[in-house]
Every structure is written in structure tokens, then in C-alpha cells.
Amino acid sequence: VQLQASGGGLVQAGGSLRLSCAASGRTFSSYNMGWFRQAPGKEREFVAAISWSGGSTYYADSVKGRFTISRDNAKNTVSLQMNSLKPEDTATYYCAARAGGFQTIAVLTTPPNYGMYYWGKGTLVTVSS
């Protein structure tokens, strides 16, 4: 599967952005999807994940209550709605995918692959204070 993230940009603190990830292939509905981010000089970190059906989600504590992950299997897309953005949310955001079982939060937070098999190019989000 090939992944392409979009929707990044510059936003003021307290603002919102919606990231989208478009996936190629006819088996998107069988993939568990995730969003990860990497700030300059820092390690990549888990942000949110959603199971193939959309029935299960996980969030990093740092974004819980502010970010919402969703998917549309008919359109082969997964989205990340980001509200109440903070300067510390500034990073390049990546979407990722894996088939098979929905990984536990322990695996999703473990580098280097975070339990994901496929990665897209990132989209930059900059939050100004």
C-alpha cells in the first residue's frame, strides 16, 4: 500500500488543522492505520491509531481529547482532526499502515517501526505561539 499525507500548514496556537492520508490499493479496509510525528531533533512518536474497521482507536496521552482519528474505507482515507493545537504539536506528521491484528499501545509506541509496515511521506505542521 502507498500512503500520501496532506493537510499540514502553519496555524496559531489554539487553532485547528485536519490531516488526511490517501492510500492506494483495493485492500485499504484490511489495514490498521496510524499517525506518528517527529519534531526536529526528536525521535518519532506515536500520535493515534485506528483499527481496520474503525471500531478501536488509541491516542497518545499528549493529544487525547484534542485529536481525533477517523477513516473512510470507501474513500481509502484516514484523517486526523487536530484541535486546540499547541506549539509542542509542531512536527512532521506521518501516516502508517499494517495489515493483521491491531497492535497494542505498547507496540505502537516502540521504535523503530512502531508495529507498522508501510509509511508515507510526512506533512509538516507548524504551530506558532
Side-chain angles (χ1 to χ4, degrees):
V1 63
Q2 292 185 319
L3 306 170
Q4 180 62 57
S6 62
L10 174 63
V11 63
Q12 288 189 332
S16 298
L17 276 177
R18 185 176 182 86
L19 305 184
S20 292
C21 177
S24 64
R26 292 175 290 179
T27 59
F28 174 75
S29 59
S30 66
Y31 286 90
N32 303 299
M33 302 296 296
W35 285 96
F36 298 78
R37 67 186 181 186
Q38 187 166 18
K42 295 189 176 181
E43 193 171 51
R44 188 171 296 188
E45 64 176 4
F46 166 74
V47 176
I50 188 166
S51 62
W52 63 271
S53 67
S56 297
T57 56
Y58 289 134
Y59 294 92
D61 287 343
S62 58
V63 306
K64 204 171 291 184
R66 300 188 298 122
F67 290 11
T68 302
I69 189 171
S70 61
R71 66 187 297 157
D72 186 336
N73 286 343
K75 296 182 178 179
N76 282 17
T77 59
V78 60
S79 299
L80 185 69
Q81 178 66 42
M82 305 186 296
N83 299 327
S84 302
L85 283 161
K86 304 175 181 180
E88 51 263 42
D89 294 318
T90 295
T92 298
Y93 284 71
Y94 300 87
C95 62
R98 67 160 284 147
F102 191 38
Q103 291 292 353
T104 64
I105 191 69
V107 174
L108 290 166
T109 55
T110 301
N113 294 323
Y114 305 88
M116 293 295 181
Y117 296 152
Y118 305 99
W119 293 83
K121 293 182 180 180
T123 185
L124 178 62
V125 172
T126 304
V127 184
S128 62
S129 57

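Values below: every heavy atom of this structure, side chains too, minus hydrogens, waters and symmetry copies. For the single chain, residues carry numbers from 1 onward in sequence order. Every value quoted in this text rests on a predicted model; they were computed, and no experiment measured them.
- In this structure, Arg71 forms no cation-pi arrangement with Trp52, as its terminal cationic atom is not both closer than 6.0 Å to the ring centre and no more than 45° off the ring axis.
- Under a 3.5 Å cut-off, the side chain of Thr126 and the backbone N or O of Leu10 do not form any donor-acceptor pair.
- Taking the six-membered ring where tryptophan is involved, the planes of Tyr93 and Phe67 are tilted, since the angle between them lies from 30° to 60°.
- Ala97 and Leu3 get closest at one heavy-atom pair: N-CD1, 3.9 Å.
- Rounding to the nearest 0.5 Å places CE of Met33 at 11.5 Å from CG of Leu80.
- Looking at Asp89 and Lys86, no side-chain N of the basic residue comes within less than 4.0 Å of a carboxylate O on the acidic one, giving no salt bridge.
- For the pair Asn32 (side chain) and Gly101 (backbone), a donor-acceptor distance under 3.5 Å is present.
- Listed by chain and number, the residues in a ring pair (Phe, Tyr, Trp, His ring centres under 6.0 Å) with Phe102 are Tyr58 (sequence neighbours excluded).
- Transitive grouping of hydrophobic side chains (ILVMFWY, heavy atoms separated by less than 4.5 Å) keeps Leu19 and Phe46 in distinct clusters.
- The heavy-atom pair separating Ile50 from Thr57 by the smallest distance is CG1-CG2, 3.8 Å.
- Here the side chains of Ile69 and Val78 are in contact, with some heavy-atom distance below 4.5 Å.
- The two residues Ser62 and Arg37 come nearest to each other via the heavy atoms OG-NH2, 3.5 Å.
- In this structure, the separation between CZ on Arg66 and CD on Gln81 is 12.0 Å, given to the nearest 0.5 Å.
- Few gaps surround CD on Glu88; more than 12 heavy atoms of other groups in view lie less than 6.0 Å from it.
- Here the side chains of Cys21 and Gln4 are not in contact, with every heavy-atom distance at 4.5 Å or above.
- Within 6.0 Å of atom NZ in Lys42, 12 or fewer heavy atoms from other residues, nucleotides or ligands are found, so the atom counts as exposed in its surroundings.
- Looking at Thr77, its side chain never comes within 3.5 Å of a backbone N or O of Ala22 through a donor-acceptor pair.
- Rounding to the nearest 0.5 Å places OG of Ser79 at 9.5 Å from NZ of Lys75.
- Taking the ring centre of Tyr118 as origin, the terminal cationic atom of Arg98 falls outside the region bounded by 6.0 Å and 45° from the ring axis.
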- Message: With side-chain contact (heavy atoms from CB on, under 4.5 Å) as the criterion, how do Arg18 and Ser70 come out once you've worked through the C-alpha distance, each side chain's angles and the decisive distance to 0.1 Å?
- Response: CA-CA 11 Å; Arg18 185 176 182 86; Ser70 61; 3.7 Å; yes

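- Atom CG of Asn76 is separated from atom OG of Ser24 by 8.0 Å, given to the nearest 0.5 angstrom.
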- Start with the C-alpha gap between Thr109 and Glu45, add the side-chain angles, then the distance that decides, and say whether side-chain contact (heavy atoms from CB on, under 4.5 Å) holds. CA-CA 7 Å; Thr109 55; Glu45 64 176 4; over 6 Å; no

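- Leu17 approaches Gly7 most closely through the heavy-atom pair CD2-O, 3.8 Å.
- Listed here is the closest heavy atom pair of Leu124 and Thr92: CD1-OG1, 3.7 Å.
- Judged by distance alone, the side chain of Asp72 and the main-chain N or O of Ala74 form a donor-acceptor pair under 3.5 Å.
- Residues satisfying the ring pair (Phe, Tyr, Trp, His ring centres under 6.0 Å) test with Tyr114, not counting sequence neighbours, are Phe36.
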- Message: Determine whether Leu108 and Met116 satisfy the following criterion, side-chain contact (heavy atoms from CB on, under 4.5 Å), listing intermediate values before the conclusion.
- Response: CA-CA 8 Å; Leu108 290 166; Met116 293 295 181; 3.8 Å; yes

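- Under the 4.5 Å side-chain criterion, counting only non-hydrogen atoms from C-beta, Thr27 is not in contact with Val1.
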- Query: Could you go step by step and tell me if Tyr94 and Lys121 meet the side-chain contact (heavy atoms from CB on, under 4.5 Å) rule?
  - Reply: CA-CA 6 Å; Tyr94 300 87; Lys121 293 182 180 180; 5.8 Å; no

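- Residue pairs meeting the disulfide bond (SG atoms under 2.5 Å apart) criterion with at least one member in residues 100-129, sequence neighbours excluded, do not occur.
- Judged by distance alone, the side chain of Thr123 and the main-chain N or O of Ser6 form no donor-acceptor pair under 3.5 Å.
- Taking all atoms of both residues into account, the shortest heavy-atom contact from Lys64 to Tyr59 is CE-O, 3.7 Å.
- Taken together through direct or relayed side-chain contacts under 4.5 Å among Ile, Leu, Val, Met, Phe, Trp and Tyr, Val63 and Val11 form part of one hydrophobic cluster.
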